[in-house]
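Working notes, structure below.
Since the structure is predicted, the reported quantities are computational estimates derived from the model, not experimental observations.
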Amino acid sequence: MRRLGLLLGLAACVPASGESATQVALDTSTTEVDPSASGVFTVTSNETVNGPASTDDPGTSGETTSSVPSTGTEGPSTTTEGPGTDTGVTSQATTGPAGVCGDGKVDAGEECDDGDDDEVDECTSKCRPPGCGDDILQPGEMCDDGNLDDGDDCTAACKPAVCGDAIIHDGVEGCDDGNKIDTDACRSNCKPAICGDAVIWAGKETCDDGFNDNDYGGCAVDCKAKASEYCGDGKTQKLWEHCDGATGVAGLNCTKGCRYDFSTVSQMSCNLSCTWGAAAGCGQDDADIFCKLRTGNSNSKATKFALALPTDLGGFPCADPKVFFPEDLRVNLGPLPEFGVPKDVRFQATKIKSTHGSMVNVIQAASLTCTP
């Protein structure tokens, strides 16, 4: 009977088929049969039991007591782990699915979620309310580059950067004062006003010719005064000017550009050798030269003219250098290539009829029509 109890106890300690192989070392010398004949035997061992086991007290010296029914069939058991016990089983926390923009639920990191990908409603496909800087072109926006940087190509107002918007476009504009005034500190092209840009900076510059080399007609190098010689200084610069102010010739005026002003000359004499053109007498070539002198345009042509009697007013007398009358009242102005007239131009302030006769040999300005 004692042997039978021992064999049944050993059989109860063998792991069931399919369970993990747990090695159990027993000291059979301490095996006893319960004298109560309940069918339960007790095995006490000082060896370590690996694997799940029932521990009476985590603070014991390592003794393990296992209660097994006498039938040899294991029933459900409860395992209580003490502090520091390694069971070899890993616990894995279960988490739900991550939030998805467009699922209709406002998850962490989302400001809204209307369950669609419509970009022009109250919630965009990025689960944010629409706004400038979201990299989505919304109605009313001309651009949207995904930021609110005012210095790049698209401003923080979602409008393209342009000169005159009062925002300095980095690397493109040197200034931007929000207006198109060309004579203030920031020009209409968004470049700072400087001496030498050919634009007079109001209140800062007296002149600005774009060169400022102190050459004739230009400006001094500091833009605070004109060059030492210029039109309007009252001195006729022979190389550059026909006149500067009064011409000194009665009936002949001077333009603001220091050129002769022939616009009020009323007649031109052109009889026989007094021709201004190539052919003798008064013809188209004479009428063309009359137009060039009156308009100041070297390309001007006469489209209409007529011959008439002279008057004793002033005008262009005979161009021939020879004098055919007792008194020569002509003033030789020299060649005027600027007007398209390479020959000497003579002007007479009065008495054209008295000195050139009363023949029908002049072109009156009243009958002359010129191209501009």
Side-chain angles (χ1 to χ4, degrees), residues 217 231-232 236-372:
C231 178
T236 301
Q237 313 298 328
K238 293 299 181 182
L239 185 61
W240 313 103
E241 302 171 345
H242 298 151
C243 51
D244 197 321
T247 63
V249 179
L252 181 61
N253 298 320
C254 187
T255 68
K256 291 181 179 179
C258 293
R259 295 283 189 261
Y260 290 126
D261 182 3
F262 299 121
S263 62
T264 60
V265 176
S266 62
Q267 57 191 336
M268 172 180 276
S269 179
C270 47
N271 183 41
L272 300 177
S273 62
C274 288
T275 179
W276 288 78
C282 291
Q284 180 70 46
D285 48 2
D286 297 279
D288 287 345
I289 290 177
F290 198 7
C291 281
K292 294 177 191 297
L293 292 171
R294 278 180 58 86
T295 64
N297 180 7
S298 61
N299 295 315
S300 184
K301 299 286 185 180
T303 58
K304 182 181 177 181
F305 70 95
L307 298 182
L309 293 172
T311 69
D312 258 342
L313 297 175
F316 294 114
C318 181
D320 196 299
K322 296 179 182 179
V323 178
F324 298 98
F325 35 85
E327 184 180 9
D328 191 355
L329 301 179
R330 301 175 301 172
V331 176
N332 187 5
L333 303 176
L336 298 176
E338 298 87 354
F339 289 83
V341 184
K343 65 187 302 180
D344 287 349
V345 174
R346 289 175 170 82
F347 175 80
Q348 186 170 314
T350 185
K351 297 183 179 181
I352 293 292
K353 176 181 177 181
S354 298
T355 57
H356 287 71
S358 57
M359 296 175 59
V360 180
N361 58 3
V362 299
I363 301 174
Q364 291 288 351
S367 69
L368 185 67
T369 302
C370 304
T371 60

inquiry  = side-chain contact (heavy atoms from CB on, under 4.5 Å), that's the test. Do L307 and I363 meet it? Break it down for me.
reply    = CA-CA 5 Å; L307 298 182; I363 301 174; 3.9 Å; yes
message = Tell me which pairs pass disulfide bond (SG atoms under 2.5 Å apart) where either residue lies in residues 342-372, with sequence neighbours left out.
response = C291-C370
ask   = Do the non-hydrogen side-chain atoms of I352 and P317 ever get within less than 4.5 Å of each other?
value = yes
query = Side-chain contact, heavy-atom cut-off 4.5 Å: L293 with V265?
reply = no
message = Which residues pass the salt bridge (Lys or Arg N to Asp or Glu O under 4.0 Å) test with D328, not counting sequence neighbours?
response = R330
message = So that I can confirm a possible disulfide, could you see if the SG-SG distance for C318 and C270 falls below 2.5 Å?
response = no
query = Do the cysteine sulfurs of C258 and C231 sit under 2.5 angstrom from one another?
reply = yes
Rounded to the nearest 0.5 Å, what separates atom [atom1] in [X] from atom [atom2] in [Y]?
| X | Y | atom1 | atom2 | result |
| --- | --- | --- | --- | --- |
| S266 | R294 | OG | CZ | 8.0 Å |
| L333 | D344 | CG | CG | 9.0 Å |
| I289 | Q284 | CD1 | CD | 11.0 Å |

message = Going by side-chain hydrogen bond (donor to acceptor under 3.5 Å, both in side chains), name the pairs with one or both residues in residues 312-324, residues two or more places apart or in two chains.
response = D312-S354
[X] side-chain N/O to [Y] backbone N/O, donor-acceptor pair under 3.5 Å:
| X | Y | value |
| --- | --- | --- |
| T295 | P372 | no |
| T247 | C254 | no |
| W276 | S269 | yes |
| D288 | A302 | yes |
| N253 | D261 | no |

query = Yes or no on side-chain contact (heavy atoms from CB on, under 4.5 Å) for L336 and K292, after CA distance, side-chain angles and deciding distance?
reply = CA-CA 10 Å; L336 298 176; K292 294 177 191 297; over 6 Å; no
I need the minimum non-hydrogen distance between [X] and [Y], along with the two atoms involved.
| X | Y | answer |
| --- | --- | --- |
| Q267 | G314 | NE2-O, 3.4 Å |
| Q364 | T311 | NE2-CG2, 3.9 Å |
| L329 | T355 | CD1-CG2, 4.1 Å |

query = Can you name the side-chain hydrogen bond (donor to acceptor under 3.5 Å, both in side chains) partners of D244, sequence neighbours left out?
reply = none
key: Results of side-chain hydrogen bond (donor to acceptor under 3.5 Å, both in side chains) for T275 - residues two or more places apart only   = D286
message = Taking ring pair (Phe, Tyr, Trp, His ring centres under 6.0 Å) as the cut-off, I'd like each qualifying pair that reaches into residues 329-351, sequence neighbours left out, listed once.
response = H242-F339, F262-F339
